[in-house]
*Asks:* 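Here it is, the structure, as structure tokens.
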Amino acid sequence: MLRVLQIVRLSSRCSSSFVSRMRFLNGLKQNDDVCSAALQDAHMFLFHRLSPLLQRNHQGTFRTAELRTSDVQSLLENLGSDRTLLQEAVLIGCTEQNQAQFCLDIGGLDQTAAEELCGGTFVDLRKSFFLLSGAEAPLVAKAQALLRWHQTNGFCSATGQPTHRNRAGSQRTCSSSGIIYYPKMSPVVIVLVSDGERCLLGRQATFPRGLYSALAGFCDMGETLEETLSREVAEEVGLEVQSFSFSSSQHWPFPQSSFMMACHASVSPAHAQLCVDHSELEDARWFSQQEVLSALQTPPPQRRRSPPHPLAPPKTRRRSSTHHRVDPEHQILNRLRRVH
Ligand SMILES: NC(=O)C1=CN([C@@H]2O[C@H](COP(=O)(O)OP(=O)(O)OC[C@H]3O[C@@H](n4cnc5c(N)ncnc54)[C@H](O)[C@@H]3O)[C@@H](O)[C@H]2O)C=CC1
Ligand SMILES: [Mg+2]
């Protein structure tokens, strides 16, 4: 109890609300009792087999369902489940007012009955990622990644014995060896290559028809960001990068949990002849500023009818040093404007 009070006091003494929230969250991860207390009155994001619960408002836009712990307790009772399922909730963040946010997957319960009781729909993550706006999409992506990690890491890979989670769900420990496991991400570099006039986009055979995107690839063990970037560009399109600069980063939930680092890279216009590896990419080509501008200014449904068009990822709000909203479409446009 003393530790609970210390953590609450420590976070309330801070002058910055950001520092206070980060200290509060860290306290929840480190102390099971503090976390259990926070779970009693928390915000809860529900999932069914890893699909988040969304509600549609009067304007036709989608939001995550706003549920509190007590709502979920009633829901579980109505669905014939006992309250112990709540113990599987995983901490994902906290609000500006230091209210803990958890997520819970009720995949073992009746989906339709749950949707009726909550007045919402469980929507596939890829779809919800594009339906949600602002800070909600990254939070839902983080929640799904953590729920998936817990569902697939129930056993120690060294001993085969069960692993047990802490209250927050930020780690799992092998009951036999004591090995501690932390949620895993795969680092990825995504790069917009330019020859000073045009930018390079490619498409995989599995992409929707006509859709082109910046090049991307997973980091190999031991590589630096620039080594991955140079290798991927060489492998996929046969070019040698001259220089690069870091742009921004985000968690990307597909195919599982990737940590994407976005960069700009330049190649010499004299050595811009593409040699595409067709086992990796179906096509890659140079796009002019005008082509990218007109594709990005065309609404997405019409874009699909007029290929080729560049991929514009969903708009998400990320914390940057200047607290500015980072919008991938604008980054591409600004870069091209700088080039011209
Ligand atoms: N242009 C693109 O390809 C775009 C890719 N992304 C994301 O970038 C990431 C990388 O995409 P790719 O271009 O497909 O990667 P990639 O160019 O590295 O090729 C994929 C191959 O890398 C290998 N690989 C190495 N480490 C892996 C790991 N940790 N997980 C899965 N495969 C691994 C596998 O053999 C796999 O077939 C994915 O998260 C993808 O969703 C997002 C937007 C666009
Ligand atoms: Mg790739």
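All ligand and atom numbering here is 1-based and tracks the order in the structure.
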*Asks:* Can you list, by chain and residue number, the protein N, O or S atoms under 2.8 Å from the Mg ion (ligand 2)?
*Replies:* Ala216 O, Glu236 OE2
*Asks:* What part of Ala216, side chain from CB on, backbone N/CA/C/O, both or neither, has a heavy atom under 4.0 Å from ligand 1?
*Replies:* both
*Asks:* I'd like to check which ligand 1 atoms, numbered from 1 as shown, lie under 4.0 Å from a non-hydrogen atom of Gly217.
*Replies:* 15 (O), 16 (P), 17 (O), 18 (O)
*Asks:* So if I count the atoms of ligand 1 from 1 in the order they appear, which ones are less than 4.0 Å from some heavy atom of Glu236?
*Replies:* 17 (O)
*Asks:* Should you measure from each heavy atom of Glu280, which atoms of ligand 1 turn up under 4.0 Å away?
*Replies:* 17 (O)
*Asks:* Does a donor on one side chain and an acceptor on the other come within less than 3.5 Å for Asn78 and Ser74?
*Replies:* no
*Asks:* Among Ile, Leu, Val, Met, Phe, Trp and Tyr joined by side-chain contacts under 4.5 Å, find the other residues sharing a cluster with Ile180 and list them by chain and number.
*Replies:* Tyr182
*Asks:* Do Asp105 and Arg49 pass the salt bridge (charged side-chain N to carboxylate O under 4.0 Å, His left out) test, and can you show the C-alpha distance, the side-chain angles, and the key distance before you say yes or no?
*Replies:* CA-CA 6 Å; Asp105 195 311; Arg49 298 203 177 135; over 6 Å; no
*Asks:* Check whether any N or O atom of Phe218, backbone or side chain, sits under 3.5 Å from an N or O atom of ligand 1, and answer yes or no.
*Replies:* yes
*Asks:* Can you tell which of Trp252, Phe259, Phe207 gets a heavy atom nearest to atom 42 (C) of ligand 1?
*Replies:* Trp252
*Asks:* Which pairs would a plain distance check flag for residues 118-127, meaning a side-chain donor or acceptor within less than 3.5 Å of a matching protein atom at least two apart in sequence or in another chain?
*Replies:*
{"unit_1": "Asp124", "atom_1": "OD2", "unit_2": "Arg126", "atom_2": "N", "d": "3.2"}

*Asks:* Ala214 heavy atoms, cut-off 4.0 Å: which ligand 1 atoms fall inside?
*Replies:* 1 (N), 2 (C)
*Asks:* Find all atoms of ligand 1 within a distance of less than 4.0 Å from any non-hydrogen atom belonging to Ser213, and give their numbers and elements.
*Replies:* 1 (N), 2 (C), 4 (C), 44 (C)
*Asks:* Sorted by first residue and then second, give each salt bridge (Lys or Arg N to Asp or Glu O under 4.0 Å) pair with at least one member in residues 131-142; sequence neighbours left out.
*Replies:* Arg63-Glu136
*Asks:* Is there a polar contact between ligand 1 and Val188, counting only N or O atoms under 3.5 Å apart?
*Replies:* no
*Asks:* Mind checking whether Val191 and Glu232 have side chains closer than 4.5 Å, heavy atoms only?
*Replies:* no
*Asks:* Checking side-chain polar atoms at under 3.5 Å, does Gln73 have a donor or acceptor matched by the opposite partner on Glu77?
*Replies:* no
